[in-house]
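Written below as structure tokens is the structure these notes are about.
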Amino acid sequence: MGRIEYMKKVVILATGGTIAGVSHDPTDTVSYHAGIVPIEKIVKAIEPLTAIADIATEQIAQIDSADMNHKIWFYLTERINALLKQPDVDGIVVTHGTDTLEETAYFLNLVVKSEKPVVLVGAMRPATAISPDGPMNLYNAIILAVSRTARGKGVLVSLNDTINSSREVTKTNTALQDTFKAPELGYLGYIIDGCPHFYRMPTRKHTYMTDFDISGINELPQVDIIYGHVNDTGILAQAAVASGAKGLIYAGLGNGNMSETMKNTFRKIQARGVIVVRSTRAGNGVVTKNSVLAEDHDRFVAADTLSPQKARILLMLALTKTSDPQKIQDMFWTY
Ligand SMILES: NC(=O)C[C@H](N)C(=O)O
């Protein structure tokens with residue numbers, strides 16, 4: 001391997017989160033305010049970054065990721081697509097709060113149109129902690145963003161020395177640094193001593209391979225998530241539709257199963273043209289077109305291995321193209 005001939009360029013789009021968080025006491029790890037420290041200041045404090053890339057920063061937002069919204073998603077998408085069209089930009093890093101990071105990552109995974117690396121990163125400890133995780137996480141994210149091996153693998157998520165696919169990753173622990181995992185399908189790889197090690201490839205279509213283009217639209221159809229439980233009444237599902245939902249994700253029991261009450265509720269809702277997707281509250285596993293619901297195969301869409309919150313994103317985008325349940329089912333087997 002020869003020397004790097006020119007400095008690769010990475011643009012960091014900062015949205016806030018704990019990586020930019022401030023606490024009163026440096027020993028606090030969960031009591032703090034997210035989204036305070038400007039990205040420029042964070043970058044300046046990480047000396048080794050200057051050796052690996054030419055870095056530009058844009059402060060897109062400064063929020064706790066609980067306040068992430070579709071408007072910011074649209075703007076992020078527009079910026080990322082425009083920046084990645086520039087020949088001098090090699091990759092993008094998005095700093096983000098961890099609570100909804102996986103949702104933004106999967107959304108971008110479906111709407112960014114480039115093979116160049118896009119990496120989402122955050123932190124579990126605020127910037128003011130005795131030993132914050134943000135600086136190392138950001139360093140690793142930049143490493144990935146300039147890496148040839150990260151190209152064409154869809155939007156990636158990197159925290160705690162790991163590399164995850166945005167489709168599969170989820171936050172698994174409320175407070176610990178070791179929280180971003182794809183519990184069942186596994187990490188794509190690790191970053192060790194500033195070097196990415198990939199072991200797996202995402203197999204589902206992403207980024208430049210998808211059919212989704214949001215450049216001509218400015219809002220997504222309303223899709224709500226209904227959480228399944230014993231003695232479910234269907235009232236919340238009906239309320240969602242009454243308030244304008246065009247699609248519902250059912251975080252169902254086991255393999256997307258449901259009570260007779262919910263079957264009847266969802267059949268009526270589906271007959272009105274609202275798309276009903278069966279997902280699971282189990283946290284792992286594939287939701288299939290199972291035999292228990294055989295007579296409803298054509299009525300309800302199966303979410304495959306997507307979590308309810310990611311199924312919601314795919315359904316919103318699918319509804320920008322079609323409201324045919326069969327075509328939407330195909331998209332759930334594809335993305
Ligand atoms: N660790 C974090 O970033 C959590 C924070 N509440 C956020 O999502 O913005």
Side-chain angles (χ1 to χ4, degrees), residues 12-43 45-46 57-77 79-80 92-109 118-142 144-145 155-164 166-183 187 191 225 283 307-310 312-313:
I12 304 178
L13 303 178
T15 70
T18 299
I19 195 166
V22 170
S23 61
H24 291 300
D25 187 316
T27 61
D28 284 341
T29 54
V30 295
S31 304
Y32 57 83
H33 292 286
I36 306 281
V37 188
I39 188 63
E40 240 180 282
K41 194 170 169 199
I42 296 173
V43 169
I46 312 172
T57 61
E58 290 181 25
Q59 192 79 50
I60 298 283
Q62 192 58 296
I63 55 171
D64 187 297
S65 76
D67 295 315
M68 185 48 67
N69 57 51
H70 297 175
K71 203 171 160 207
I72 301 177
W73 279 0
F74 276 63
Y75 184 63
L76 259 181
T77 307
R79 281 306 291 143
I80 294 172
I92 300 284
V93 167
V94 178
T95 61
H96 201 290
T98 56
D99 289 344
T100 62
L101 186 149
E102 69 207 58
E103 289 176 64
T104 300
Y106 185 56
F107 178 75
L108 295 175
N109 192 56
V118 176
V119 185
L120 270 82
V121 65
M124 290 302 285
R125 292 181 175 174
T128 49
I130 295 173
S131 65
D133 52 335
M136 192 68 189
N137 286 348
L138 186 56
Y139 177 81
N140 281 341
I142 303 277
L144 263 187
V155 173
L156 301 171
V157 171
S158 180
L159 286 91
N160 211 30
D161 304 340
T162 62
I163 308 166
N164 272 293
S166 54
R167 183 184 182 277
E168 278 118 38
V169 72
T170 193
K171 185 174 184 177
T172 63
N173 190 291
T174 55
L176 303 184
Q177 290 173 72
D178 183 22
T179 181
F180 278 91
K181 296 183 180 174
Y187 303 126
I191 304 173
I225 299 174
S307 64
Q309 60 272 29
K310 289 190 190 166
R312 174 179 170 273
I313 292 164

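Atoms within each ligand, like the ligands themselves, are counted from 1 in listed order.
Closest to atom 4 (C) of ligand 1 among all protein heavy atoms lies Thr18 OG1, 3.2 Å. What sits closest to atom 1 (N) of ligand 1 on the protein, heavy atoms only, is Thr98 OG1, 2.6 Å.
Within ligand 1, the atoms closer than 4.0 Å to a non-hydrogen atom of Tyr32 are 1 (N), 2 (C), 4 (C), numbered from 1 in the order shown. Remark: ligand 1 atoms within the under-4.0 Å shell around heavy atoms of Gly17 are 9 (O). Every atom of ligand 1 with a heavy atom of Gly97 under 4.0 Å away is listed here by number and element: 3 (O), 7 (C), 8 (O), 9 (O).
In terms of modelled atom types and a separation under 3.5 Å, the side chain of Ser65 and the main chain of Asp99 share a donor-acceptor contact. A donor-acceptor pair under 3.5 Å is formed between the side chain of Thr15 and the backbone N or O of Thr95.
No N or O atom of Lys171 sits closer than 3.5 Å to an N or O atom of ligand 1. Ligand 1 has no N or O atom lying under 3.5 Å from any N or O atom of Met124, backbone or side chain. Between Ser65 and ligand 1, a contact under 3.5 Å exists for at least one N or O pair.
Residues passing the side-chain contact (heavy atoms from CB on, under 4.5 Å) test with Thr98 are Met124, Leu159, Lys171, Phe180, sequence neighbours excluded. In this view, Val30 and Ala175 satisfy the side-chain contact (heavy atoms from CB on, under 4.5 Å) rule, not counting sequence neighbours.
Going from atom CZ of Phe107 over to atom CG of Leu120 covers 12.5 Å, rounded to the nearest 0.5 Å.
Side-chain atoms of Thr27 and Asp25 include a donor-acceptor pair closer than 3.5 Å.
Heavy atoms of other residues, nucleotides or ligands lying less than 6.0 angstrom from CD of Glu40 number 12 at most.
Ligand 1 lies within reach of Ala123, whose nearest heavy atom is under 4.0 Å from it.
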